[in-house]
Amino acid sequence: MPTVTGEEIELFDAAFLRRLHRVWLACRRRFQGLERAGRRSIGSGASLEFADYRNYSRGDDYRSLDWKIYGRLGKLFLKLYEEEEDLPVYFLIDASQSMRMDDAPNRKIDQARRLAAALSYLALNTLDRVGAAYFSSHLGEQLGMGRSRHHFHNVLRFLRSVPAEAGPTNLEAAVSAFCKRNRRRGLVLLLSDFFDPAGYRGAFDLLRYHRFEVRLLQVLSAADFAPSSEGDCLLSDSETGESLPMTVNRRVLADYRRAVETFVEEIRQDALRNGAVHHLCMTDQPFDELVLDLVGAGGMMR
Amino acid sequence: MSVLFPWAFAFAILLPLLVLLYLLKTRRQPQTVSTLLFWHRVVRESKPRAVWRKLRHPFSLLLQLLILALLIFALARPVTEHAAPGLTVVLLDNRARMLAPGPDGRPAGEEALRKAVEYGPGAGHPDRGYILMEAAAQPRVLAGPTSDRRLWRQTLEEIEPRETGGSWPEAVRLAERLLAQSPGEKRLIAITGPGEPEHRPNDDLFYEWIPVGETLEQTALTTFGVRPSLVEPGGWELFLKAENFGSAPWESDLEIRLDDRLLEVRPLALAPGESRSLSLPLPRAAVTRDKKLEAMLTGQPTPTVGGRAHAVLSAFQPLRVLLLSEGNRFLEHVLRANPHLDFQHLRPDRFNAGMEAGFDAVIVDQELPPGLLESGQAPLLVFNTGPWLDVEASMERPWLEETDGPRHPALRRTRLEEVRLLEGSPVRDEFGGEILMTSAGLPMLVAGRLEPTNGDASQRLLVAGFDPVRSDLPMRVAFPLFIEDALIWLAGREEPVATGLRTGETKLLPPGARVGKTPGRDPEAWVENVFQPDRSGFYKVEGWDEAEWLAVSFLDREEAMALAREPGPQAEPGTVGQRAAIPIWIWLAFAAWALLLGEWWTYHRRVTE
C-alpha cells in the first residue's frame, strides 16, 4: 500500500457508497457487457474455450496435440484454447494546484476522485485489476494493482488522501514516469484539467507509444469558463504564480470563454483522431450521472 | 463672458480629490485563477485593442474631470454680454400677496428679497447698471442705476413688507420706460408672488420672472364703514362685507372691538365664493373715548391679510349738498340719513342760475336745469342726463367693469361691478376725463372737470350714464358709501372720515399736522405733509383738530383674490424676449449629463446575463 500523505476529507461516506452501488446496478441493467470475464486476450491460453488449430512445431506441449485428428489424417495438429485475462485499469489523477481551486468538496480534484472511485468500483466488479496514482509536476506514489473487490477498500483509502504537495502540472513528466513503472499494457484513465503550459500532446503520444488505451476525462469547473468578474484585476496563475494585469469586460470574458471552449474541442478532436475517448466532466454535475454517461458513451469500459 | 455666481469655482477643489480617487481606484484587484493560459491567448488575439486598453483609464479620468468642470461652470451661471453693459431692472413685488407664507412658513417676501440679492449687482457684467423697483400701491424706484452691491443689499434690507394692493401692469410699464432709455442690453427681472404675472412687457427686452411663495385659502373683509345711527342719537351703525375667495368653505367668528374692548362676536360661515354683508348697530353706551372700531375675522385658517378692518367714529364737518331732482326717494333717503351731509332738495324747474353757489356739491338727477352748466359754481354729480351722454347708444342691461389703474377716490370704498342696471347710456368720448367704469368698452362713469363759460375756475364733475333707481344699487351697502365718497371727492374734501384710509392710499396732511409712521399709540417716527400707510391699523394723529386717530384698513378685494388663487402647481420661472434662448448653464449641465451617461455606459455599466 503506498504511503500517501495529505489532506483528508470525507469524500467517500456511506451515502457515496450507496450511490455507487446503485450506479453499478444501473450499469448492469443497461449495459450487458459489464458481466464478469468479459475480456479475451488476443493470444491463446489455457482455458476450456476452443479457439483454433495449428500445425505442430518442435517444442510444443504434447498435451495439446489433437490425437483424434492425427488418427484420421496422420498429421500432428495442436489445439489452441482462448486465454481469458484481466485488464489493468490505471487511474492517473491530476493533483496540481489548478485542480484545487474553489472549496472542498467542489474542487475539480474532488470530482476527479469521485469519478475514479466509481469507475474503479465498476472495474473491480468486472474482475479487472485497478491501480491509481496522483500526479502534478511529477508522478506521485502509486496504488499497487489489485483485482478483488476487497481491493476497492485500498482504492478508497488511497483516494481519500490527497498529496500535500501541489505543484504545477507537468503531464509529460508524470506520464513518462508512469510508463517506466508500468510495463503491462492496459487502460489509462487520465483525470485532469489539462492546464499544462507545455501542452497535453506529449503525454498523450507517450501513452499511445506504450500501447496504452487512453481515456481522457477532462474535469473542469464553471469558474474555468468565467474566472473573473468585470473590472480591473491583477490575475495570478494558481500554479506558476505569474501575474497578468487585465481589464475585464464582457467582451474579454466572451473571448476567454471562447478560448477555453476551443481548447476543450482541440482535446476532443485529438482523442477522436487517435482512437481515444474524451469526456468533459463538470464539477457541478452529479458523479453518478457522469458515470452513467461515461459508460453509456461507450469505449470508457469494455 | 462673466459669471453670476463666482463662488461656484470653490468646487474646483474637488478636481484634485477626483484625481486622488482615481489613483486609489486604479489599484487592481488581485484575483487567483486556475491558469493564465487562456488569458494570454485572449491578450494575443486582442492586440488591436491594446492601445485603447492602455488609454482607457486615463480617458475615464479625463472624462470625469471634464464632467466636474462643466458642472462647476454650470453652477457659476456664465453669461455672455453684448458690447454695451446694459441695464437690468429688478422689479420686486411688494404687494400684500407677498405676505403669504411659503412652504417654510416664512413670508414669500423674504424669499423675494433673497432672489433680489442674487440677481442684483455682481450677477453679470461688472459695468452693468441695476435698478431696484418696488411694485406696491404705487410703483417706485428704490435704488439705481447702480452696480454697488453693498448699496443694493442695504436698500433691500430697508424694504418693509406692505399690506397694500397695487397695479402690476403699471409697475411693468414704468420699468419699460426706464429700460427704454438704456442703450445696451435690457433686462427685466420680475420677482413676483405665486402664479404667472398678469402682464408681460414687450418682446424687445430680456424678461425673466421668478415666482415665489404659495397661494392661500383666503377670506377677507372687503367693505367696512360706520355712520351715525338713524335710530339712536349718539349711536352708530356699522356696515361690513366679508368674502370667501377660496375653494373651501370657511367658518369662523367675526369679532367687533371698540377701543380693544370686545363688543360682539358673531359666527360667520362662508361657502366658496360667497360674500355676506352685515349691518350692526353700535349703541351710544358702547362708544368710548378713542372711538377706535375694529372688525376681525378669527378662526382657521386665519386670513394673512384682510382679516381686519378699522374705523374711527370721528366728527365730520357736514358737506352742503343740493339735490336737483323731480323726486328720488333713494337719493333723498341716503342724503338725509348721512349726518355728514347738509342736504337740500330742489326741483329742476325751480332752479335758477347761481343758486348752486354756496353748496359743496350738486346732484343732478335725470334732468339738467338750464343755466347750471353756464354758471358752473359748484361741482356736479350727474345721473343719466346732460350733454355728455350718447343717448342714441343706450344699452339694455349693461354690465359694469372697473378700469385698470389706481382706484379713484369716488370709488374708494366701493366696487360697482356687481351692480345690475336695467339700462344705461355711455358717456361721449369727446367729454374726456378719467373713465372709472365701463360697459362693453364704453364709458359709463367718468370723472372730469366742468369748464364754466363765464371764465370762472373749473369744477369737478362726475357723470354716471345710468339711473340709480333703475338698478339694484340703492339696495346695496355700497350705495351710501359711493354717494358719500363721490360727494367728498367733488367737494375736494378727501379727508379721513369715519372709515379712514385704505392701505396704499395717499393723504395730504394739513400744515402742522403729523401722523405716526407706524400704527400704535407711541410711534417711533412721524410723517408730515404726505401720508401713505402700508399697514392697516390705527395711526396716531397730532396737530389735527378733527381727529386723534386715523384708521387704515386693507379692504383690497383684488389683492385678497390674488392671495386666494386655486392652490396647485405654481408657475415655473421663465424667460421671454430676445435673450430667451436657453441659458449657457443649461447647455453646460446637459453636456455634463451626456458625458456622465457615456462614461457610465462605457466604464461602469453592469449587465446581468
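In what follows, every chain begins at residue 1, and chains take the letters A, B, ... in the order their sequences are listed. Computed from a prediction, not measured in an experiment: that's the story for all the values here.
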With side chain to side chain contact (heavy atoms under 4.5 Å, CB included) as the test, would you mind laying out the steps for Ser238(A) and Thr32(B) before giving the verdict? CA-CA 6 Å; Ser238(A) 64; Thr32(B) 304; 3.9 Å; yes
Heavy-atom distance under 4.5 Å to chain B: side chain of Asp193(A), backbone, both or neither?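 It is neither, since no heavy atom gets under 4.5 Å.
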Go through the atoms of Ser243(A) and report whether side chain, backbone, both or neither lie under 4.5 Å from a heavy atom of chain B.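 Looking at Ser243(A), just its backbone touches chain B.
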Would one find more than 12 heavy atoms of other residues, nucleotides or ligands at under 6.0 Å from atom [atom1] of [X]?
| X | atom1 | answer |
| --- | --- | --- |
| Glu110(B) | CD | yes |
| Phe9(B) | CZ | yes |
| Phe73(B) | CZ | no |
| Arg150(B) | CZ | no |
| Glu242(A) | CD | yes |
| Ile13(B) | CD1 | no |

SG-CD distance between Cys233(A) and Gln31(B), expressed to the nearest 0.5 angstrom: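 Answer rounded to 0.5 Å: 4.5 Å.
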Calculate, to the nearest 0.5 Å, the distance between atoms CG and OH belonging to Leu37(B) and Tyr256(A) respectively.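 That separation rounds to 8.5 Å.
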Which atoms form the tightest heavy-atom contact between [X] and [Y], and what is the distance?
| X | Y | value |
| --- | --- | --- |
| Val33(B) | Met101(A) | C-CE, 3.9 Å |
| Asp237(A) | Leu36(B) | OD2-N, 3.0 Å |
| Leu244(A) | Trp39(B) | CD2-CB, 3.7 Å |

Side chain to side chain contact (heavy atoms under 4.5 Å, CB included) assessment of Arg258(A) paired with Val42(B): CA-CA 9 Å; Arg258(A) 206 174 303 118; Val42(B) 168; over 6 Å; no
In a check of side chain to side chain contact (heavy atoms under 4.5 Å, CB included) between Ser34(B) and each of Lys108(A), Glu239(A), Met99(A), which one passes?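 Testing each of Lys108(A), Glu239(A), Met99(A) against Ser34(B), the sole residue satisfying side chain to side chain contact (heavy atoms under 4.5 Å, CB included) is Lys108(A).
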May I have the step-by-step check of side chain to side chain contact (heavy atoms under 4.5 Å, CB included) for Arg41(B) and Asp255(A), ending in yes or no? CA-CA 9 Å; Arg41(B) 193 177 295 182; Asp255(A) 289 349; over 6 Å; no
